[in-house]
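Notes for the one structure printed next.
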Amino acid sequence: MSGQLSTTILQYLQDHDFITDTAQFAHETAAMQAALASLAARNMIVYSHLEKEIWSLTREGGECLESGSHEARVFNAVEQSLGGLGPSAKFGQGAAFKNGWIQKDGSVFKKKVDAITDKTQVLLTQVLSGDIPDSKTLADMKKRNLIEKSKQISFRVEKGPEFSLEIKRQETDLTAELLQSGAWKSANFKKYNLAAEGAIPQGGALHPLNKVRAEFRQIFFEMGFQEMPTNKFVESCFWNFDALFVPQQHPARDMQDTFYISSPEKALLPSQDYLQKVAQVHEFGGYKSIGYRYPFSNEEAQKLVLRTHTTAISTAMLYKLAQEGFKPAKYFSIDRVFRNETLDATHLAEFHQVEGVIADYNLTLGDLIGFMQRFFEKMGVTNLRFKPTYNPYTEPSMEIYSYHSGLKKWVEIGNSGMFRPEMLEPMGLPKDVRVHGWGLSLERPTMIKYGIDNIRELLGHKVDLEMIQKNEAVRFDKTMGREKGAMEAKDAEEAFAKAQIVN
Ligand SMILES: N[C@@H](Cc1ccccc1)C(=O)O
């Protein structure tokens, strides 16, 4: 509280009982209000707002007050030179003519009278002192941009029940000292300000990707899936490609598509036995396959990459499952993958892949289609179609499409398939075990749910931390279409229809 101003107010009230208008103190409004609010909180004063419309001079008006009106300046300059007058020459001529101050003699201006009274300047002085001229004159001055109307806030103040000249210290806390000394009996306690806004708590906030990830995880857990350990970004080409029966010449392995690691230079290879079997199936086939018939290179298999899909982890998990003695399993993961993409509003060089794998005896393509329908239904996407496609590691393979009612077309939302025998049998999985797999990106549904249309606002160095902090903790309207009041199935379907896998 500004002590000086408070003292002035109290002093004045002591002598006068009330202040009709604090404008008389010519003090800044905000400081005045703060001082009054503080005194009022102690019941020392009572105050109310006054709002007045006042006329004040514009910058131009101020200039005219100082150097004379435009017309007076024209009058004074005529017969010498109007050149130095600037815009005043233009503005003032008309009025100087109208006032009968000047006349035109051929092409030159001449004075018509000897002396003038600058009425405009006089009026400006009046306005400044609060002496307001008649409304026609006011309107005229306003039109000439000399004066403007503004609001002035001031206050009416009177003594309050606790009025005194002395501002007593107010206690904010009941302390042990106050209690022990007995001072609490006479102490003056500061009132709680229940209308004060609390301090914004410092703390972390969940990123939208984390929130949507949590929703996907929930669906997977509900459906009996176990989470795969995806906590490593670097993979060998063996696990990222070879074990998946991706030929060593496949375009996806090109530098343009995949980030290679230069140091360390080499990864460890898996067991000699498994490596042999994988090399064998690439070179010569087996399990009713004719293979790719090229010389398999261990060096190529040992190269290190930033994993291009989490299917590398699924593959290692399936291998482990085979080693430990096969039991039916359902695995999922949601984690980061890297691809050497051209960056644009919907593509980054890294994104998160949602991936699922189901391994069981004698699964069919029908089982996969049925499962996909149930899986996507949990997210509110009910209208699915499947289109045959090609993946080196699945056969058959299906792109998953959903009808986008906004775009009025079928849009790809995921990729899926049944892993090939060339991939599964070298692992030692029983022959009648079939494995479903599918994947989609986490970014696309998140962008749709949170209304973000540029991926760079979601991930990377351009992310606005405030956007993350201010995001709702819970989206009541946009959950996966399961709870009451959840996103309309149609909207959810549309949202997910946009969630295309980046492949
Ligand atoms: N790995 C695939 C997704 C997929 C996983 C498993 C089976 C089929 C497809 C991708 O990156 O798009």
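Owing to the predicted nature of the structure, the values given are computational and were not obtained by experimental measurement. Whatever order the structure lists ligands and atoms in, that order sets their numbers, starting from 1. Sequential numbering from 1 along the given sequence is applied to the chain's residues. Just so it is clear, the values below take in all heavy atoms, side chains as well, and ignore hydrogens, waters and symmetry mates.
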ring-ring contact (aromatic ring centres under 6.0 Å, His included) with His282: of Phe241, Phe238, Phe296, only one passes, and it is Phe296
Any heavy atom of Met398 sitting closer than 4.0 Å to ligand 1?
no
Could you tell me whether ligand 1 has any atom less than 4.0 Å away from a heavy atom of Gln353?
yes
Sequence neighbours excluded, the answer for ring-ring contact (aromatic ring centres under 6.0 Å, His included) partners of Tyr47 is Phe155
Option passing side-chain contact (heavy atoms from CB on, under 4.5 Å) with Gln353 (candidates His309, Arg307, Arg336)
His309
Backbone or side-chain N or O of [X] under 3.5 Å from ligand 1 N or O:
X: Ser416; result: no
X: Thr311; result: yes
X: Asn391; result: no
X: Thr394; result: no

The answer for which part of Phe419 has a heavy atom under 4.0 Å from ligand 1 is side chain
Tell me the contacting part of Arg339 for ligand 1: side chain, backbone, both, or neither, using a 4.0 Å heavy-atom threshold, strictly below.
side chain
In plain terms, say whether Lys288 and Glu395 are close enough for a salt bridge, that is, a side-chain N and a carboxylate O under 4.0 Å apart.
no
Please determine whether a side-chain nitrogen of the Lys or Arg among Glu341 and Arg339 lies less than 4.0 Å from a carboxylate oxygen of the Asp or Glu.
no
According to the ring pair (Phe, Tyr, Trp, His ring centres under 6.0 Å) rule, which pairs have a member within residues 194-215, sequence neighbours left out?
none
